[in-house]
Engineer: 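Structure in structure tokens, see below.
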Amino acid sequence: MAQVFDRSSNALARFSLVLTGVIVIALGVTLDQLQRSPWVTRQGQRPDQPVPFSHKHHVQGLGLQCQYCHTQVEHAAYAGIPPTKTCMNCHAQIWTNADLLEPVRQSWATGASIQWIRVHDLPDYVYFNHEIHVNKGIGCASCHGRVDEMPLMYQQNTLQMEWCLNCHRNPAANLRPTSEIYNMAWAGPSTDKPVWCTSNGAATGSGPTAQNVSCTTTNPTGKGPEVAMMQMAAEANGPTASDVPPLGIKMPASYEKFTNQMDLGRYLTAQYHIRNPQQLSSCETCHR
Amino acid sequence: MMKTGLKTTGMGTDETMADIKAPAQPVVVTQIAPAKMTLAEVQAKLDGKTGRRFWKNLDELADTPAFQELMAEEFPRQSTEWVDAVSRRGFLKVMGASLALAGLAGCTKQPDEAIFPYVKQPEDLVLGKSMYFATAHPFPTGAIPVLVKSDSFRPIKVDGNPEHPMSKGKSDAFTQATLLSLYDPDRSQRVMHRGETSGWGDFQEAFVGAAKKTNGGQGIYFLSETITSPTLAAQWKQVQAAYPSAKLIQWEPVNQDSSRAASKAAFGSYTDAQYKLEEADVILSLDADFLSGIAHPGFLPLAAGYAERHRYEEDKPMNRMYVVESMPTVTGFKAEHRLALKPSEIAGFANGLVNGTAPQGLSGEAQKFFSVLSADLKASGGKCVVIPGEQAPASVHAAAYALNSSLGAVGKTVIYTETVNPIPSEQVADLKSLVADMNSGKVQWLVILGVNPIYTAPADLYFQDAFAKVPVTVHLGSYVDETGVIANWHINKTHYLESWSDARAYDGTITIIQPMIAPLYNGKSAHDVFQTLLPNAQLSAYDVVLANAKTYIRSSAGGDFAASWRKALHDGWVEGTAFPAKAAGAGKSAVASFPIPTMTSSGLEVSFRPDPSLYDGRYANIGWLQELPKQVTNLSWDNAAIMSIDTMAALKLDQSDPVKLSFDGRECIAPALMAAGHPDGVITVHLGFGRGVQAGRVAQGVGFDAYQIRRSDAPLFVAGVTAVKVPGTYDLCVTKVYNIEHRGAFAQHDLEKPQFDTEGVYSLAGHEAEERSIIRYATVAEAKKNPDFAHEGGASGTLIGKVGYSPQGEKVPHDNSFFPNQWKYDETDPATLKVQNAWGMAIDLNSCIGCNACIVSCYAENNIPVVGREQVKVGRNMQWLRIDTYFEGDLHAPKAHFQPMACQHCENAGCEQVCPVGATVHTPEGINTMVYNRCVGTRYCSNNCPYKVRRFNFLLYSDYDTESLKFMRNPDVSVRSRGVMEKCSYCVQRIEAVKIEADKENREIRDGEIVTACQQACPTSAITFGNINDKASKVAKAKAVERDYQVLADLNYRPRTTYTAGVINPNPELA
């Protein structure tokens, strides 16, 4: 009987084996990439909102501070979405006839909520808490990106677990002085733009974490012995980063100079009593 | 399912409703009847056996092959996957949906989620931070002051008000469960007139129109639940002024008639008694189940006072409790000495105590009990108290008054005050006269406020027939229940969490009841109904309460009423409203005015009791309470004819046999259940079951209706009942067998080759309780002699150096482990040099009274689903916490020990080592935590857990669809889906919240700042939680006590929850 398969089919057989392997690997890689792709994570997507609200215009253009709208970011797990009343504070006076603002006026007139589409949406089994991040030196922009440069809101980061853990395992890489939390343009210290920090000795050990440290971007040493404001003593479950006015007592201070983020991060980790990476990356921190 | 007329169906769904309406093919559930015990066998083994033998239920005592088989399975009978047709249909539906998603699950995107911000946000609202408001749960025996946790103005947890002088932050199972009754989807949602939707305005018009035409209100009758609201009483006075001939009858099936009648005879006017158990050395309860729940007036202060004096501390005399009772209760089992008597004999016993001569016909043991008790009471020098039960006859109350007075307790441990009910009455007599008026045509309008007499009225009154003769009937109720469905008018009643009112607590303190949420269904309250008849009919309940509050709120110094009102609302109680002791003092002896019930020897006695979980049936549609294993019997979703083993034998019954109880031409069929310690010749039945479709989807079709044989002349107990076995079997839903598992060859060893149990009286749970020292206790004398009794053995008869065990209580040296540094829990933070936190719990077994408040609190806090009767029967109940009851000794007069058992958070946990996906892991602070989103449902962890505290979602138990239940959920806890393992988390959400608060303020967590849900509810403070690395913390101190021990310590799992061994104070003469 004649041979059914020609000698050349050997090569074909080998090739098909290799091809199968390649396909399997490719499938794996594809799925992995798909899972991380913006299609799944929604990174960079701008959903259709009822009002094309521009953070760029309001933050960069008009200079509104984040907390003008997101009032409870220092006090609760949710940053808070402003009520229609907040919009109407200004828009009862300006752009009162703008077509774009029709849904806002509708809401104000009827008492029905404006239905925004959620941009930063975590799974329901993740319990993210804004207040502890903001009070411990994580700036808005660290997670949300340059919101002041976003004409339409989108999600800058993946918000996937690996992204969270990147920081929870090494918080020093993203810590900044609490005075710079709402500074969208904060880039961290560099040799060109060093940061000087001093510890408010009196406040360590007690009082809001946020007031442990005073930092400045202008060289305090040139002007002789500098002073730091002493902060009011903390009350139980009371004040947060920006609540407490300085007491006005001037204290001599000794500043430390930082020229890179990691040095500053390590210094702030100690000053702010950031929990260690083992605790921060423990499951119950975010899942319950 | 049995083959007689009793229906057993699962959780109500529309399908089950349909099944019940149409007599379709019955849903057959077979093959899961508990292993049958052979009475003769059990009795042969146990008769007269005393001494320290522990056991958990009869099946294991009998040690039948079926029971052995049961134990070989992890979740009993999991092969019976689908127990009824309904869930199979539901399953197919669910599967359809999940199959469609399954292929894409990995890479589907989350659906778009909308955000609905406020239009005008309330100024003080911080979303995500709960607010707390004080109010009170009104209850016939006195309101329970509560503090309600409100998340975005939705009540999500009801707890005791810590600032209230009486409750001190404690609560009970009923109060905790009222949260679910608010969101119950079966609540009545509209006003109905002759079956058609109507309006409140229409009712007002009709009612006022009719009332004006009457001659001073003649023919208008109100039938109300027991009133504890001073404002409602004041409103009634106004109604009476306007309509002098209108009548008000208060009536509830479980009432305080006995104490009313006795106090009227003794003091000349209705009087309530308050007891100060913290002052009492000797306590005698005459059928008073004051440790079971708020069914007994003053449960919270009584339980706290009892536990305070029952703690064993150096140089502090312990109290001693004697209980004479019929149905075995947690109170009886907490007592040092318990005497089981028929309900009819208790009065004779009490009178004997008054006269000083033992009544006739007592057994030798009872005679001794009597004389020792008399002597002990007298020796206490007035530091004693006699508490009569509300379900005991008036003669017992009269005897208790006389005893308290002759023993010198009045003024010391007992004070008499005016009644919590501002309009006290004898309710059964009033109901009888109402029915007579109804029958004679005098009643034109019958306005029923909150009660359900068609279901609950004594059968011999034929209330339904009389009801049909009334031209206009009005029903104000939370459900369109048996009464609501046949009344001309039905008005949907507000829940106390959505309405204004006020109420008196046990000590007389008034709490303003303020709404937490706008009425979900625009309901109306009794205040609104009364106000309808008054000139200013449009006043709201708020206006009425505010106006009436001026009579009892004393204005502050400046005469500023508004400030005092706000203070009363904020504090949750009105200062200076507690009752002072009545001047009448001890009162005169009224013993002679009440005949002692004659002891009938013919026929059985049947004793009617409010159900420990459902009370009189008002909580029947609350799944949490239905599913709660009842105290002592561990019965869930059922009631039973509870009797002693000898009575069972005499009636030729076996457990779960249906038995027909006939009395006076009426009958009901009930499944038989043995209760250890039950007196012979008596059957106890619990009220509140056997409801129809009207009662709601949860309540319908479970248990039997004991009201059917209850007569108005004998509402507490009847004699002369005949009980006959009827064919068939009823599959009682008892939870206790399901948590008994086999625990490896070591535990089995002694079962197979009884070296130490030569008498052959063993049971696995008992074996473990004893040999493995799950339960450890000692008497005061033993504890004094050997303070370390919990570890050295001897006191509880434990064996040391037995094969297969490490010596009991001895901690296995962890340093010998292969992984000594696997987890270190004493690391210091380099930045602050503070030692890290390590969470732990200590449970004082002396204080635990087995009242179940903790379990219901856990339900609410942790979004625990209700699984339904059929699922409970196959061992799938989801409570994270259970109370194990270990019986000890003689089947006829056992002791019992209660042990709350939840996840022990082992440092060296077996569950963690076998999880293939890392879904249960250890946190640096020592919590064994579940990561639900990782769990793939292998159940290996549960298999490897020696404490059997893990719960698996075999089906989709959580209700994702019902809108009203979504409001109720705790937003800080995940709602678990099908296929996920879950268990006690030490309320990790509360720990994290406190940690965040402390970290923000840059301080350490204060001791006592974290309170777990079970700890918060516990009326006796038996549970302590905190940081065991902080040596000054309460929990560290509790764990440092010598009596502290680990359960199953020999496994070296190193549990973080430890137990403080109990110490009892028995009378040496009775020992």
Engineer: Taking C-beta and beyond as the side chain, do B:Lys1000 and A:Ile132 meet within less than 4.5 Å on heavy atoms?
Structural biologist: yes
Engineer: Could you look at B:Ser985 and say if it's the side chain, the backbone, both or neither that has a heavy atom under 4.5 Å from chain A?
Structural biologist: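 No part of B:Ser985 comes within 4.5 Å of chain A.
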Engineer: Compare every heavy atom of B:Gln121 with every heavy atom of A:Ile81, then report the nearest pair and how far apart it is.
Structural biologist: O-OE1, 4.5 Å
Engineer: How many angstroms lie between atom CE of A:Met161 and atom CG of B:Asn933, to the nearest 0.5 angstrom?
Structural biologist: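 The CE atom of A:Met161 sits 7.5 Å away from the CG atom of B:Asn933.
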Engineer: Count the heavy-atom pairs under 4.5 Å between each of B:Ile927, B:Asn862, B:Asp972 and chain A, then report the option with the highest count.
Structural biologist: B:Asp972
Engineer: Check each atom of B:Phe116 against the heavy atoms of chain A and say whether the ones under 4.5 Å are side chain, backbone, both or neither.
Structural biologist: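 Backbone plus side chain of B:Phe116, per the 4.5 Å heavy-atom cut-off to chain A.
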Engineer: Show the nearest heavy-atom pair for residues A:Arg288 and B:Val988, with the distance to one decimal.
Structural biologist: CB-CG1, 3.5 Å
Engineer: Looking at CD of A:Glu284 and CD of B:Gln989, how far apart are the two atoms once the value is rounded to the nearest 0.5 Å?
Structural biologist: 11.5 Å
Engineer: Any idea which heavy atoms bring B:Pro117 and A:Pro83 closest together, and the distance?
Structural biologist: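 The answer is CB-CA, 4.5 Å.
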Engineer: At a 4.5 Å cut-off on heavy atoms, which part of B:Val126 comes close to chain A: side chain, backbone, both, or neither?
Structural biologist: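 For B:Val126, heavy atoms of backbone and side chain both lie under 4.5 Å from chain A.
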Engineer: Less than 4.5 Å to any heavy atom of chain B: does that hold for the side chain of A:Pro123, its backbone, both, or neither?
Structural biologist: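 It is both, since atoms from each part get that close.
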Engineer: In Å, rounded to the nearest 0.5 Å, how long is the span from CD of A:Glu131 to CG of B:Asp999?
Structural biologist: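 Going from the CD atom of A:Glu131 to the CG atom of B:Asp999 covers 10.5 Å.
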Engineer: Side chain, backbone, both or neither: which part of B:Asn837 has a non-hydrogen atom closer than 4.5 Å to chain A?
Structural biologist: side chain
Engineer: Within the structure provided, determine whether B:Glu925 and A:Gln279 are in side-chain contact (heavy-atom separation under 4.5 Å).
Structural biologist: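 Yes, at least one pair of side-chain atoms sits under 4.5 Å.
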Engineer: Can you confirm whether A:Asp48 is buried at CG, in the sense that more than 12 heavy atoms of other residues, nucleotides or ligands lie under 6.0 Å from that atom?
Structural biologist: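 Counting neighbours around CG of A:Asp48, 12 or fewer heavy atoms of other residues, nucleotides or ligands fall under 6.0 Å, so no.
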Engineer: Given 3.5 Å as the limit, does a donor-acceptor pair link the side chain of A:Tyr127 with the main chain of B:Ser974, or not?
Structural biologist: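 Yes, the answer is positive, given that a donor and an acceptor are paired below the 3.5 Å cut-off.
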Engineer: When rounded to the nearest 0.5 angstrom, what is the spacing between NZ in B:Lys120 and OG1 in A:Thr86?
Structural biologist: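 These two atoms lie 12.0 Å from each other.
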Engineer: If you count heavy-atom pairs within less than 4.5 Å of chain B, which of A:Val126, A:Val104, A:Ile117 leads?
Structural biologist: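 Going by pairs under 4.5 Å, I would pick A:Ile117.
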Engineer: If I measure from the heavy atoms of chain B, does A:Leu280 come under 4.5 Å with its side chain, its backbone, both, or neither?
Structural biologist: neither
Engineer: Can you check whether B:Lys129 reaches A:Gln72 side chain to side chain, under 4.5 Å on heavy atoms?
Structural biologist: no
Engineer: For the interface with chain A, which of B:Leu127, B:Thr929, B:Asp112 has the highest count of heavy-atom pairs at distances below 4.5 Å?
Structural biologist: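 Highest number of heavy-atom pairs under 4.5 Å: B:Leu127.
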Engineer: I want to check something: taking the side chain as every heavy atom from C-beta on, are B:Arg934 and A:Cys283 in contact at a cut-off of under 4.5 Å?
Structural biologist: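 B:Arg934 vs A:Cys283: side chains touch.
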Engineer: Relative to chain B, which of A:Met88, A:Lys85, A:His287, A:Arg275 shows the most heavy atom pairs under 4.5 Å?
Structural biologist: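 Sorted descending by pairs with chain B, the first entry is A:Arg275.
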Engineer: Need one label for A:Asp121: side chain, backbone, both or neither, based on atoms under 4.5 Å from any heavy atom in chain B.
Structural biologist: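 For A:Asp121, the contact with chain B is made by backbone and side chain together.
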